[in-house]
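The structure under discussion appears below in the form of structure tokens.
Reminder, nothing fancy here: chain letters follow the sequence lines and each chain counts from 1.
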There are 2 protein chains.
Amino acid sequence: MPDPRTAPTIIDVARRAGVSKSVVSRTLSGSGGVAAGTQERVRLAAAELGYVANAMARGMVARRTHTIGAFVRDASNPYYGHLLTAMQERAAARGYRVVTATGSGSFAVSDERRALETLVGLQVEGLVVCSGLVPVADVLQHARRVPTVLAGRPARDEALSSVYCDEIHGGRGMADHLWSLGHRRIMVVTLRPERSLTQAPRTAEMARRLRELGADVVEAPDEETRAGGGIDGLVARLLADRAITAVMAPTDPYALEILEALDRRGLRAPDALSVTGYDGVAPLTTPLLGLTTWVQPLADLGTRAVDEVVSHVEGLTTDTRHQAINGQLISGRTAGPPRR
Amino acid sequence: MPDPRTAPTIIDVARRAGVSKSVVSRTLSGSGGVAAGTQERVRLAAAELGYVANAMARGMVARRTHTIGAFVRDASNPYYGHLLTAMQERAAARGYRVVTATGSGSFAVSDERRALETLVGLQVEGLVVCSGLVPVADVLQHARRVPTVLAGRPARDEALSSVYCDEIHGGRGMADHLWSLGHRRIMVVTLRPERSLTQAPRTAEMARRLRELGADVVEAPDEETRAGGGIDGLVARLLADRAITAVMAPTDPYALEILEALDRRGLRAPDALSVTGYDGVAPLTTPLLGLTTWVQPLADLGTRAVDEVVSHVEGLTTDTRHQAINGQLISGRTAGPPRR
DNA sequence: TTGTAGGCGTTATCAT
DNA sequence: ATGATAACGCCTACAA
């Protein structure tokens, strides 16, 4: 493979081009003040050597890395993938690079803390944290030092900014949709804030709004489901209560699990039951599944998150703010008028 | 937000703990030779200051960053997400961190080059490149300096290692499956190597194998589809040729597009047509879609890629190798006996 | 057990 | 237009 440790330094380039390292630095950074012919020679030498400037050495003295760090909880979830893509694109457009660190599969908080430190240690100039799970305290510790934005999750803290899809608006929108379809007894899968800072408020709002409208709400705390019976158990309970005509899941993957469990029993939505998801992320938005869900505008979210950090990094803004953006209903085929 | 530039340095910690920076360094790096009481004071001071060592300064002198870089072409594709998760997990287990850089949405090669340089500039000790697109030349340039592994894509070069799912085996397996179902005239969507170094060989093998078996193969170069008519055009052509009973897509998302186009015409697989995909990545593996596909063992792939790069980094190995691992057929509901 | 000094690769400043 | 030199924050001898 490679001969170990032979990375050419700026001095190697300088020697090869027959100039001093200052000239090389100025040439490559384009700060001017170098004769055209000299530049030519320098560039040639650098290319021949395959020279790539050591970002660490550069960052040390320049005190700028032009890099923003993204922490992503679970890369295998397309939700974060789309968010990341949007961020990456915007950052590039504004002249920044993005390096990402992810939690390892075991969603241990200590892993996430480590990942955050990796990023900060790398001297990123800004931090975008994408996780509904990391305790805000861990984030705050770094936010003192680096402009930080929480993306995809609401926050109230003044020490950092956040950009998120309005969970109250979304939960309410989904609830209104089912109510207007005619459902009156509905199961809502709920989560506690410790499990997810996005799914908790949205499911709480679904339940609250339904009750406000006058519906019967059967709450199904996710922890109980995970602990005993699993999704199949949940569906069994669901079907046992003949008055329930719809079930609201906290996310699309969760809704998919429910649909699969129904399928295993030879049932399908919306005939047996209406089922709703949440997030609206490809590829689960395929018309073939026809999932009724709430779309989070991930591209917009990523763009705004980057804009927010960058404007802090560049000192254009000093105060933090919390932007909520609205999602939108996708009325699919998994939810219809009550059929049972 | 944060007071700009106040990151405490090792000196701040030293001052606060009333010792010299050497003592702080030794304490925090756990290299021993520091009195227990002193360690206590140092750790306390570091915690109070929220000290995070500057990885750049550290990396410069230590010449080790314990970081491996992952380049991922398209983060929004769950394929890469799962790969990344597996890599992350394995790397953590072996004491390395992973930082990821992704190409921006515009799959421009120059972007990918830049991302690669970002990683190398960050002094990663190893590189895992996940992209069926980046020209091998770009990768080779860095492979001279940093142990590099191509993940998820075959390579032949001796300057680097690769770990990939055997495309020939997979393409052949899918072809055999359709043949054994009884299909005799089959459309195969093909790609040229410039478009994808994985999809090209697998689709080529599908076509080759089918012909070998004695089937009629109608090749549908993806470029022509993209250029005119799109997927709907493709499906129209497909249906016009009454003898065609099956179509093989190069990936699952592609298969999904075909299924959606059929759906728009009120048709579905396998009644109207048998459709196969390739990759077998969640969430498209849901039984609800019942996609017939070829699963790539992504977890294994990620693990091996990291193992390979780490053993080079640690000097346990010096020769490169190319590992092909076998995927597996998922016989779903989208492909069945010919019906037309 | 603790402190001092030197240098990693780069940019910025100041001479030349 | 070019070259020397001083940091940047940290680790690692080596000296005390």
Residue closer to the 5' end of DNA chain D, B/I11 versus A/G18 (nearest nucleotide): A/G18
When the distance from [atom1] of [X] to [atom2] of [N] is rounded to whole Å, what number comes out?
| X | N | atom1 | atom2 | answer |
| --- | --- | --- | --- | --- |
| B/N54 | D/dC8 | CG | C1' | 9 Å |
| B/H66 | D/dC11 | NE2 | C1' | 13 Å |
| A/E40 | D/dA1 | CD | C1' | 17 Å |
| B/I10 | D/dT12 | CD1 | C1' | 12 Å |
| B/M56 | D/dC8 | CE | P | 17 Å |
| A/R15 | D/dT2 | CZ | P | 19 Å |
| A/L122 | D/dC8 | CG | P | 21 Å |
| B/R64 | C/dG9 | CZ | C1' | 19 Å |

Pairwise 5' ranking along DNA chain C for A/S31 and B/R26, keeping only the more 5' one: B/R26
Residue whose closest nucleotide on DNA chain C lies nearer the 5' end, B/M60 versus B/V19: B/V19
Touch class at under 4.0 angstrom, heavy-atom based, for A/A53 against every strand present: sugar-phosphate
Sugar-phosphate only, base, or nothing, as touched by A/T38 at under 4.0 Å among non-hydrogen atoms: sugar-phosphate
Closest listed nucleotide, where the reference is the side chain of B/V61 and the choices are D/dC11, D/dA7, C/dT2: D/dC11
Candidate nucleotides C/dT10, D/dT2, D/dC11, ranked by approach to the side chain of B/K21 - the nearest: D/dC11
Does a side-chain N or O of [X] approach OP1 or OP2 of [N] to a distance below 4.0 Å, or not?
| X | N | result |
| --- | --- | --- |
| A/R58 | C/dT11 | yes |
| B/Y51 | D/dG9 | no |
| A/S25 | C/dT11 | yes |
| A/T9 | C/dG9 | no |

Base C/dT4 to side chain B/S22, donor-acceptor N/O within 3.5 Å cut-off: yes
Side chain B/R63 and base C/dG9 donor-acceptor under 3.5 Å: no
Euclidean distance, A/L116 CG relative to A/D138 CG, rounded to 0.5 Å: 7.0 Å
Partner of A/D307 under side-chain hydrogen bond (donor to acceptor under 3.5 Å, both in side chains), chosen from A/R94, A/H312, A/Q323: A/R94
Closest heavy-atom pair and its distance - [X], [Y]:
| X | Y | answer |
| --- | --- | --- |
| B/V134 | B/L197 | O-CD1, 4.3 Å |
| B/A75 | B/T102 | CB-CG2, 4.1 Å |
| B/V42 | B/V23 | CG2-CG1, 4.3 Å |

Side-chain donor-acceptor contact under 3.5 Å, A/S161 with A/E308: yes
